[in-house]
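Atoms considered below: every heavy atom in the structure, side chains included; atoms not considered: hydrogens, waters and symmetry mates. Computed from a predicted model, the values in this text were never measured in an experiment. Here, residue 1 is the first one in the sequence, and each next residue gets the next number.
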Amino acid sequence: MTTTTPSTTTPTTVPDLYPSRGAAEVAAPRQDPVVWSAPGTPGPISGTDLQAFERDGFLAIDQLIRDDEVAVYHQELERLVTDPAIRADERSIVEPKSQEIRSVFEVHKISEVFARLVRDERVVGRARQILGSDVYVHQSRINVKPGFGASGFYWHSDFETWHAEDGLPNMRTVSVSIALTENYDTNGGLMIMPGSHRTFLGCAGATPKDNYKKSLQMQDAGTPSDEALTAMASEYGIKLFTGKAGSATWFDCNCMHGSGDNITPFPRSNVFIVFNSVENAAVEPFAAPVRRPEFIGARDFTPVR
């Protein structure tokens, strides 16, 4: 297994369109498209669904993968989280309280099963259609939320972190969360504020040098204030996603989202893939003293084929 050390950064010459991690929290309008492909571009997403994605910032799909495929991916997830070598690897994030694995990163590189899923046209084809270009994997991981107390993920915009700490210049990145267990309305499902992707919230406070080590267990730097979250929730509302195993949610990189703890007996596991446009390759971080490790923010910009 590999070990990766974050790299010290040098100032980037790319304009910073979305300043963050300053002395004060700042809300600013989005300056990038949501759907980058030209109208009528062929692909697996219908024109109506693309319009909904542009409006809301997300698209839910009842069945992206079949039941027999779910069984294969869930079996692979179980293999990874029970493998002592994987547990000992830095790409595995362990729950502070239960000491159980919470996430395993870069799964498309350590598992051929998940690598095939990334290359599946039902998956990568939708990413290309939304982003209007070839794409590469900025991040992949499996998330495990066993029952009886698995921690949630606090409200945040992924782009705020990927811009500040990974150096993604523009909002040309899309994520897909594919359910490998049923998502009920009670077991810590994904919540998104519809329409929040049109406002960038620059969070207050400098980025600690080793922030990624803490943030993967409990987000701190890069989290919005209670006042900002209250205002956004009042304006946009909150959508909770439920669905059977095999369902999926595509969402824009700037959506305000989070998930609650899972205190039910019913586990919630998913595979999470982040596609970035090859025309939006990462530069140096815009608001962090060092890059995050490559298993979190990729520096290999090879298009998915």
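Taking the six-membered ring where the residue is Trp, Tyr73 and Phe114 present parallel rings, their angle staying beneath 30° rather than reaching 60°. Relative ring orientation between Trp250 and Phe275 is described as parallel, the plane-to-plane angle staying below 30° on a 0-90° scale split at 30° and 60°.
Inspection of the Glu160 and Ser20 side chains reveals an N or O donor paired with an N or O acceptor under 3.5 Å.
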Would Glu100 and Val144 count as a side chain to side chain contact (heavy atoms under 4.5 Å, CB included) here? Give the steps. CA-CA 9 Å; Glu100 293 184 5; Val144 183; over 6 Å; no

Test side chain to side chain contact (heavy atoms under 4.5 Å, CB included) applied to Trp162 and Gln139, step by step: CA-CA 10 Å; Trp162 297 339; Gln139 184 186 105; 4.0 Å; yes

Steps toward side chain to side chain contact (heavy atoms under 4.5 Å, CB included) verdict (Phe272, Leu190): CA-CA 12 Å; Phe272 181 76; Leu190 174 68; over 6 Å; no

Start with the C-alpha gap between Asp89 and Phe295, add the side-chain angles, then the distance that decides, and say whether side chain to side chain contact (heavy atoms under 4.5 Å, CB included) holds. CA-CA 11 Å; Asp89 191 273; Phe295 69 85; over 6 Å; no

Going through the distances and angles, do Asn270 and Ser177 end up as a side-chain hydrogen bond (donor to acceptor under 3.5 Å, both in side chains)? CA-CA 6 Å; Asn270 69 299; Ser177 175; 2.8 Å; yes

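Classification of Glu69 and Arg122 as a salt-bridged pair holds, one side-chain N sitting under 4.0 Å from a carboxylate O. A salt bridge links Asp252 with Arg30: at least one charged nitrogen is closer than 4.0 Å to a carboxylate oxygen.
Taking CD1 of Ile130 as the reference point, atom OG1 of Thr173 lies at 11.5 Å (rounded to 0.5 Å). Rounding to the nearest 0.5 Å gives a distance of 9.5 Å between NE2 of His257 and OG of Ser196. Put simply, CZ on Arg128 and OG on Ser133 are 9.5 Å apart, with the number rounded to the nearest 0.5 Å. With values rounded to the nearest 0.5 angstrom, Ile296 atom CD1 is found 9.0 Å from Glu165 atom CD. Within the model, atoms CG of Asn143 and CG of Leu77 stand 9.0 Å from one another, a figure rounded to the nearest 0.5 Å.
The side chain to side chain contact (heavy atoms under 4.5 Å, CB included) test with Leu180 singles out one residue from Arg268, His74, Glu78, and that residue is His74.
The two residues Ala23 and Ala204 have their closest heavy-atom pair at O-CB, 4.0 Å.
Checked by atom type and distance alone, the side chain of Asp261 never pairs as donor or acceptor with a backbone atom of Ile263 at under 3.5 Å.
Annotation: cation-pi pair Arg198/Tyr236 absent, no NZ/CZ under 6.0 Å from the ring centroid and within 45° of its normal.
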